[in-house]
Number of protein chains: 2
Amino acid sequence: MLGIVHIVDDDASFRTAIERRLKKAGYEVATYPSAQHLLDRLPNESGPGCLLLDVRIPGLSGPELQSRLGELGSTLPIVFLTGYTDVPTTVQAIKAGADDFLTKPVKPDQLLRSIQRAISRHEATRSIRMELDTIRAHIAALTPREHEVFELVIRGKTNKEVANALGATERTIKAHRHRVMEKMQVQSLAELVSLAERAGVLDSVSGSRQTS
Amino acid sequence: MLGIVHIVDDDASFRTAIERRLKKAGYEVATYPSAQHLLDRLPNESGPGCLLLDVRIPGLSGPELQSRLGELGSTLPIVFLTGYTDVPTTVQAIKAGADDFLTKPVKPDQLLRSIQRAISRHEATRSIRMELDTIRAHIAALTPREHEVFELVIRGKTNKEVANALGATERTIKAHRHRVMEKMQVQSLAELVSLAERAGVLDSVSGSRQTS
DNA sequence: TTTCCTATTGTCCCATGGGACAATAGGAAA
DNA sequence: TTTCCTATTGTCCCATGGGACAATAGGAAA
């Protein structure tokens, strides 16, 4: 399976034409006459896929649907395909992360190339996202206290320093630290820091440089 | 000083008009009648700034200049301002990282807003870039042997493991490791890993997870 | 009331990291 | 030839991390 393409367009004959074309190319296809129809049964991202959106559609416009999906946390790449457009709309859509912006009539291989690229990008995005989700899930499993220890440990504090900072014994910190390593599923401090950095927990560590 | 705006446009009267307008708004301005003129005296990035490019200019086109500057490592944000354009050109320019894409005639405050945003973005980019440059410079100062030790240490290897991997004594590794910490200007393993991750040295560490 | 989770501490003991002091060897540059 | 840099090792010694075995206390859930 090459992936699923979700088509949102109010022109029924256009939908079926594109659907036929994409299915012939090996894609799975789902069609929606309006943005609302798509939002009603939000595509899960269990497999690779992308959206093919018209800009002008009744109800929410293509770009509006794009921003709505962004709020909902969707990472499905979006390819716009529209008959009428203007520069600001185009620019805005791409800046908002659209993968491509095509105009009707579209050359078949141009469309397939854009769809292909969008889906490839989705696969890359998905794997990174899944990795991040895993890390965040592990972090979420930490108790409040463990989380405090975690935050200090990944900034290079020694057990003694953490103990002082949190008003506990070094021995206690060791216990927490041990559970942190366990829950985060890492064997070394280096791995722990690496995960934290990738999950964005360490952003702006640069500010923590001491002059002392 | 708000920053410097480099204008590339073959229309002399347009250049002076925009130049006057931007200077009035407090910006420093440099004008170039063609892409080649700008490439001849490549703007340094010692201060915040941005480029304002026409798309159709004699010689290298705006987008061609954009990609050329990319190759040269410039991080100056680009705002396109052009009279004629088509969707593919616009899409391509934005996807290639242009900050904005405006059409002539442009409303004065629209132009100023885009310039302002581009320059702000440049300031953020610059500080991140300078931080990366510092890290990379430190890494470049490592001797080949120190670099090998560095690579293994940031992946969580113990001195003993590094010693085995490199065919040296643990004592020797300690000496190298000490100099690595010194040259990288960090006090803890956590900081070292954090820097490495930010500099991209650790990419795809996920693949190093052992089943053992 | 009993059970489970979270936070805390203690004692031992051992592995690992890191600083101090010292020294050797080979290659490149002056 | 002398000087400097890089790579190597040794010996001591101490701080820190981490595992094993054990235990207490309070709050929430069953």
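Naming convention: chains lettered A, B, ... in sequence-line order (proteins, then strands); numbering from 1 in each chain.
First and last contacting nucleotides of DNA chain C toward chain A (any atom under 4.0 angstrom from a heavy atom, 5' to 3' order): C:dT6 to C:dT11.
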Show me the donor-acceptor pairs, under 3.5 Å and distance only, between side chains in residues 172-184 of chain B and residues at least two apart or in other chains.
unit_1: B:His176; atom_1: ND1; unit_2: B:Arg179; atom_2: NH2; d: 3.1
unit_1: B:Arg177; atom_1: NH1; unit_2: B:Asn159; atom_2: OD1; d: 2.7
unit_1: B:Arg179; atom_1: NE; unit_2: B:Glu146; atom_2: OE2; d: 3.0
unit_1: B:Lys183; atom_1: NZ; unit_2: B:Ala141; atom_2: O; d: 3.1
unit_1: B:Lys183; atom_1: NZ; unit_2: B:Glu146; atom_2: OE1; d: 2.7

Could you pull out all donor-acceptor pairs under 3.5 Å where a side-chain atom in residues 22-32 of chain B meets a protein atom, sequence neighbours excluded?
unit_1: B:Lys23; atom_1: NZ; unit_2: B:Glu19; atom_2: OE2; d: 3.0
unit_1: B:Tyr27; atom_1: OH; unit_2: B:Gln116; atom_2: OE1; d: 2.8
unit_1: B:Tyr32; atom_1: OH; unit_2: B:His6; atom_2: ND1; d: 2.8

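Between B:Asp109 and B:Arg113 a salt bridge is recorded (basic side-chain N to carboxylate O distance below 4.0 Å). We find that B:Arg198 and B:Glu131 are joined by a salt bridge, their nearest charged nitrogen and carboxylate oxygen being less than 4.0 Å apart.
A:Val193 approaches B:Ser194 most closely through the heavy-atom pair CG1-N, 3.8 Å.
With values rounded to the nearest 0.5 angstrom, B:Cys50 atom SG is found 8.0 Å from B:Asp99 atom CG.
In this structure a side-chain-to-backbone donor-acceptor pair under 3.5 Å is missing from A:Arg117 to A:Asp100. With hydrogens and angles ignored, the 3.5 Å screen pairs no side-chain donor or acceptor of A:Thr89 with any backbone N or O of A:Thr85.
Stem regions annotated for DNA chain C: C:1-30 with D:1-30, counting only runs of 3 or more consecutive pairs of Watson-Crick or G-U type with both contacts under 3.5 Å.
Partners of B:Arg171 under the side chain to side chain donor-acceptor pair (under 3.5 Å) rule, at least two apart in sequence or in another chain, do not exist in this structure.
Contacts between residues 167-177 of chain B and DNA chain D, defined by a heavy-atom separation below 4.0 Å, involve B:Ala168, B:Thr169, B:Arg171, B:Thr172, B:Ala175, B:His176, listed by number.
Counting heavy atoms of neighbouring residues, nucleotides and ligands inside a 6.0 Å radius, atom CZ of B:Arg129 exceeds 12 of them.
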